[in-house]
A.B. asks: 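The structure that follows is given in the form of structure tokens.
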Amino acid sequence: MRLRRTSVAACAALLAVAALAGCNRGSDDKAGSSGKVGIDLPRSDSDFWNSYNSYIEKGVKAGDVSALPRTNSQNDIGKLVANVQSFANEGAKAIVMAPQDTGAIASTLDQMAKKKIPVISVDTRPDKGPVYMVVRADNKAYGTKACEYLGEQLKGKGKVAEFEGDLSSINGRDRSEAFAACMKSKYPGIKVIPLVTNWDGATASAKLQTTLASDPDLNGIYMQAGGVFLQPTLALLQQKNLLKPAGTAGHITIISNDGIPEEFKAIKAGQIDATVSQPADLYAKYALYYAKEALAGKTFEPGKTDHDSTIIKIPNGLEDQLPAPLVTKDNVDDSSLWANQLGKS
């Protein structure tokens with residue numbers, strides 16, 4: 001890699017391996033209990049995160065890192081804390097996590113720092129607590145891109161329902177704040193109806209149904225996470241006879257975030273109009289890369305990288321901001337998009 005790096009002191013001696021098992025363990029990776037990297041998956045009810053897991057599994061099997069059996073915290077901060085503690089007890093020398101509640105993980109990060117166990121946080125940026133590297137895209141750009149796309153498609157007028165992510169998460173806050181700021185400054189003629197969802201598809205569907213009753217002239221939707229919102233939304237619109245093809249009268253313009261294959265299928269079918277592709281493949285690739293570099297005692301500095309991203313300084317460490325392109329019918333078949341690469345060697 002062309003990134004500038006400096007050596008740091010070697011990590012402390014291996015912690016004794018304890019018998020304590022973490023919550024929600026998956027099958028052993030080939031490294032078994034002697035592995036050095038603990039990897040926690042944040043949830044299994046999202047197509048995006050299931051895709052991320054498949055890339056993690058591929059990297060581990062390829063030998064990118066030697067890993068302990070992976071855990072799944074199931075969107076539960078208590079389980080994440082327990083899993084991380086188990087990793088430490090089992091001798092993990094680095095940990096990869098994706099905390100969905102970015103405010104409640106600080107004390108655990110402080111504990112890992114005292115044990116000299118570097119932490120790589122994927123997709124979400126912890127509010128406090130030291131991290132070795134955050135592997136993440138610019139989530140404010142997600143909200144801005146969604147705003148600008150809807151604003152142009154609706155010609156600056158109409159009503160838009162926004163499925164807000166969990167506002168206890170930096171991602172939910174970044175996307176919501178950027179979307180609101182852009183709409184206020186660029187498209188004041190569009191009424192935004194924010195719907196708090198906590199990243200839950202059933203909640204979003206129920207609130208959308210209420211919104212359609214109160215605002216039957218709704219003509220736009222911003223879904224902050226297609227992995228959990230897409231299918232419930234399409235099902236409800238189909239039930240209400242509102243799933244009109246793009247370009248026809250009565251079509252509700254929809255933009256999403258994630259870039260999963262199901263969103264691409266929906267774009268091709270004219271059911272939704274666009275998505276911002278979160279790089280699940282790159283999240284996994286660079287999570288494992290930085291875990292490996294952490295084990296080697298390397299550090300990084302802010303600046304451009306050789307993989308089309310920028311490392312920035314954050315209050316509690318560094319963040320590698322990976323690219324996340326807008327996908328529409330014009331580029332949905334682009335072979336460079338990760339969703340079009342699934343199943344290929």
Side-chain angles (χ1 to χ4, degrees), residues 1 3-23 25 28-29 31-42 56 59-60 63-71 73 77-99 101-136 170 283-302 311-320:
M1 306 295 292
L3 299 175
R4 293 184 295 167
R5 303 179 293 197
T6 59
S7 297
V8 296
C11 294
L14 282 171
L15 297 173
V17 177
L20 180 62
C23 302
R25 288 215 175 264
D28 286 355
D29 293 315
S33 60
S34 63
K36 294 181 179 179
V37 179
I39 303 171
D40 183 81
L41 306 170
I56 285 286
V60 170
D64 293 352
V65 299
S66 181
L68 291 167
R70 276 162 289 166
T71 61
S73 50
I77 189 64
K79 290 178 180 177
L80 174 57
V81 169
N83 291 345
V84 170
Q85 295 294 347
S86 293
F87 286 147
N89 290 335
E90 293 166 10
K93 298 298 297 253
I95 291 173
V96 174
M97 65 168 73
D101 186 334
T102 55
I105 196 65
S107 61
T108 299
L109 293 175
D110 288 337
Q111 291 173 16
M112 293 304 103
K114 290 178 182 177
K115 295 176 182 290
K116 300 188 183 302
I117 300 175
V119 173
I120 294 86
S121 181
V122 179
D123 181 57
T124 60
R125 178 199 300 163
D127 298 346
K128 295 181 179 179
V131 288
Y132 176 84
M133 184 68 72
V134 174
V135 177
R136 182 174 179 254
I170 184 67
Y283 278 6
K285 177 179 180 178
Y286 288 103
L288 298 182
Y289 167 75
Y290 285 118
K292 183 177 180 179
E293 294 296 76
L295 295 177
K298 304 293 178 60
T299 58
F300 297 84
E301 297 176 357
I311 293 179
I312 64 170
K313 177 67 178 174
I314 58 176
N316 48 340
L318 295 171
E319 176 173 311
D320 189 356

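Residue indices begin at 1 and follow the sequence shown.
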A.B. asks: Going by heavy atoms in the side chains, are Glu293 and Phe300 under 4.5 Å from each other?
C.D. replies: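 Yes, at least one pair of side-chain atoms sits under 4.5 Å.
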
A.B. asks: Kindly give the heavy-atom pair with the smallest separation between Ala92 and Leu68, and that separation in Å.
C.D. replies: CB-CD1, 3.8 Å

A.B. asks: Can you tell me how far the CG atom of Asn83 sits from the CD atom of Glu90, to the nearest 0.5 Å?
C.D. replies: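 Interatomic distance, Asn83 CG to Glu90 CD, rounded to 0.5 Å: 9.5 Å.
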
A.B. asks: List the steps, then state whether side-chain contact (heavy atoms from CB on, under 4.5 Å) holds for Asp320 with Tyr290.
C.D. replies: CA-CA 10 Å; Asp320 189 356; Tyr290 285 118; 2.7 Å; yes

A.B. asks: Mind checking whether Ser121 and Pro99 have side chains closer than 4.5 Å, heavy atoms only?
C.D. replies: yes

A.B. asks: Measuring only between side-chain heavy atoms, which start at C-beta, is Ile105 closer than 4.5 Å to Met97?
C.D. replies: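 Yes, at least one pair of side-chain atoms sits under 4.5 Å.
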
A.B. asks: After noting the C-alpha distance and the side-chain angles of Ile117 and Lys93, does the key distance pass the side-chain contact (heavy atoms from CB on, under 4.5 Å) rule?
C.D. replies: CA-CA 5 Å; Ile117 300 175; Lys93 298 298 297 253; over 6 Å; no

A.B. asks: Do Val135 and Asp123 make a side-chain contact, defined as non-hydrogen atoms from C-beta onward lying under 4.5 Å apart?
C.D. replies: no

A.B. asks: Kindly compute the distance separating NZ (Lys79) from OG1 (Thr71), expressed to the nearest 0.5 Å.
C.D. replies: 11.0 Å

A.B. asks: Any side-chain heavy-atom pair from Pro130 and Val119 closer than 4.5 angstrom?
C.D. replies: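 Counting from C-beta outward, Pro130 and Val119 never come under 4.5 Å.
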
A.B. asks: Looking at side-chain heavy atoms only, is the closest gap between Leu318 and Tyr132 below 4.5 Å?
C.D. replies: no

A.B. asks: Are the side chains of Ile95 and Val84 in touch, meaning some heavy atoms are under 4.5 Å apart?
C.D. replies: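 Ile95 reaches Val84 side chain to side chain.
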
A.B. asks: Just do the side-chain contact (heavy atoms from CB on, under 4.5 Å) check on Met112 and Gln85 with the steps written out, would you?
C.D. replies: CA-CA 9 Å; Met112 293 304 103; Gln85 295 294 347; 4.2 Å; yes

A.B. asks: Does Ala284 have any side-chain contact (heavy atoms from CB on, under 4.5 Å) partners at least two apart in sequence or in another chain, and if so, which?
C.D. replies: Tyr52, Tyr55, Ile56

A.B. asks: Report the relative orientation of the aromatic rings in Tyr286 and Tyr289; use parallel for angles under 30°, tilted for 30 to 60°, perpendicular for over 60°.
C.D. replies: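 If you compare the ring of Tyr286 with that of Tyr289, the planes turn out perpendicular.
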
A.B. asks: Show the nearest heavy-atom pair for residues Ser73 and Asp40, with the distance to one decimal.
C.D. replies: OG-OD2, 2.7 Å

A.B. asks: Can you confirm whether Ile314 sits close enough to Val131 that some side-chain heavy atom of one is under 4.5 Å from a side-chain heavy atom of the other?
C.D. replies: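 A side-chain contact exists here, since the closest heavy-atom pair is under 4.5 Å.
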
A.B. asks: Decide yes or no on side-chain contact (heavy atoms from CB on, under 4.5 Å) for Val60 and Val65, but give the supporting numbers first.
C.D. replies: CA-CA 6 Å; Val60 170; Val65 299; 4.2 Å; yes

A.B. asks: Of all heavy-atom pairs between Ala291 and Val37, which one has the smallest distance, and what is that distance?
C.D. replies: CB-CG1, 4.1 Å

A.B. asks: How far does CD of Glu319 sit from CE of Met133, to the nearest 0.5 angstrom?
C.D. replies: 9.5 Å

A.B. asks: Do you know which two heavy atoms are closest between Lys313 and Gly317, and how far apart they sit?
C.D. replies: CD-O, 3.4 Å

A.B. asks: Restricting to salt bridge (charged side-chain N to carboxylate O under 4.0 Å, His left out), what partner residues turn up for Asp127, sequence neighbours left out?
C.D. replies: Arg173

A.B. asks: Among Thr124, Val122, Ile170, which residue satisfies the side-chain contact (heavy atoms from CB on, under 4.5 Å) criterion with Arg136?
C.D. replies: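 Passing option: Ile170.
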
A.B. asks: Working to the nearest 0.5 angstrom, can you tell me the gap between Ile77 CD1 and Thr108 OG1?
C.D. replies: 6.5 Å

A.B. asks: If you round to the nearest 0.5 Å, how far is CG of Asp64 from NZ of Lys292?
C.D. replies: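 With rounding to 0.5 Å, NZ (Lys292) is 6.5 Å from CG (Asp64).
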
A.B. asks: Answer yes or no: is there a donor N or O on one side and an acceptor on the other, between the side chain of Asn316 and the main chain of Gly129, under 3.5 Å?
C.D. replies: yes

A.B. asks: Which value, rounded to the nearest 0.5 Å, describes the distance between Leu288 atom CG and Ile39 atom CD1?
C.D. replies: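 Answer for the CG-CD1 pair, Leu288 versus Ile39, is 5.5 Å.
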
